[in-house]
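One structure below.
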Amino acid sequence: MSELSVNHLLGIKYLNLDDINLIFETADHFKEVINRPIKKVPSLRDITIANLFFENSTRTRLSFELAEKRLSADVINFSAASSSVKKGETLIDTVNNILSMKVDMVVMRHPNPGAGVFLSKHVEASIVNAGDGAHEHPTQALLDSYSIRERLGEVQDKKIVIVGDILHSRVALSNIFALKMQGAEVKVCGPKTLIPKYIQDLGVTVETNLKKALEWCDVANMLRVQNERMEISYFPSTREYTQQFGVTKKILESLDKEIVIMHPGPINRGVEITSDVADSSQAIILDQVQNGVAVRMAVIYLLASKIKR
Ligand code: CP
């Protein structure tokens with residue numbers, strides 16, 4: 001297969017296994033490119049991409065921009081905080097105004113779940129979801145699986161536990177879809193109040209004891225508690241959350257094997273993960289960030305090749 005089955009990347013649930021394998025093979029090529037002295041290819045010289053961020057981001061925004069520039073695309077950046085959205089302009093009006101400047105692709109982060117799907121039905125451009133509320137974060141899940149594949153050889157049959165605030169996490173949902181599609185076993189671990197009731201319908205099991213979850217897994221993906229999405233308190237205190245669900249060097253040393261530690265960032269050091277774990281050789285957190293550029297180059301390149309020009 002040499003092209004994606006989709007014209008937009010709106011969520012992992014719209015992809016199939018062939019799509020994921022094609023993205024990874026293409027990312028392998030781009031990873032080699034970005035390790036060369038000249039880290040750029042001319043592939044997308046005729047493409048213009050708008051990065052629309054209606055919500056804060058460090059990694060995803062910079063990673064997309066770098067990926068686009070490494071492919072020689074023209075890039076424009078839009079941040080809602082300094083835009084006419086503040087004057088009441090709608091999403092469709094904002095995007096159509098940007099598209100009238102001959103933009104081919106839109107990378108969008110938005111606080112509302114389904115914003116990318118909505119946009120894809122109303123505007124003439126390829127849409128890439130860079131995170132939509134608590135719904136999906138497909139490129140994060142792709143770079144996470146790509147990093148597991150790089151560290152452990154393959155994702156199939158690996159045991160992955162996702163620890164933390166599953167309820168509010170688009171990273172958790174996209175990871176579950178991606179990992180299950182590739183044949184991994186997935187558990188979630190966290191306070192019962194932060195685990196959605198439908199989770200078992202996704203083919204995932206629940207473990208509320210962190211030590212047992214870590215004893216079971218090959219990889220632990222540690223998530224941040226998303227206080228910004230909470231209107232009420234879901235656990236008694238941060239201290240108690242850390243005591244039960246924070247990964248420490250001590251707990252890792254008590255296991256009879258060395259597991260891989262992941263985190264999508266941003267990290268809350270001393271809450272879900274201690275600094276000595278985050279900075280250890282068991283953690284592949286910065287590898288994830290580095291792989292994000294190659295994976296996003298692959299996604300953009302493959303979607304751009306489907307744009308009719
Ligand atoms: N992992 C992630 O999405 O980080 P940012 O919010 O900084 O983009």
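Hydrogens, waters and symmetry mates play no part in the numbers below; they use all other heavy atoms, side chains included. Counting convention: from 1, in listed order, for ligands and their atoms alike.
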Hey, could you give me each pair passing side-chain hydrogen bond (donor to acceptor under 3.5 Å, both in side chains) that has a residue in residues 67-76? Not counting sequence neighbours.
N51-E68, E65-K69
Hits for ring-ring contact (aromatic ring centres under 6.0 Å, His included) against Y14, two or more places apart or cross-chain, chain-then-number order -> none
Would you call R170 and E55 a salt bridge, taking side-chain N to carboxylate O under 4.0 Å as the test?
yes
As a test of reading the model: which residues have a non-hydrogen atom less than 4.0 Å away from ligand 1?
S57, T58, R59, T60, R109, H137, Q140, P264, G265
Basic-acidic side-chain contact under 4.0 Å: K13, E136
yes
Looking at R149 and D144, is there a salt bridge between them, counting it only when a charged N and a carboxylate O are closer than 4.0 Å?
no
Checking F177 now: which residues fulfil ring-ring contact (aromatic ring centres under 6.0 Å, His included) with it, not counting sequence neighbours?
none
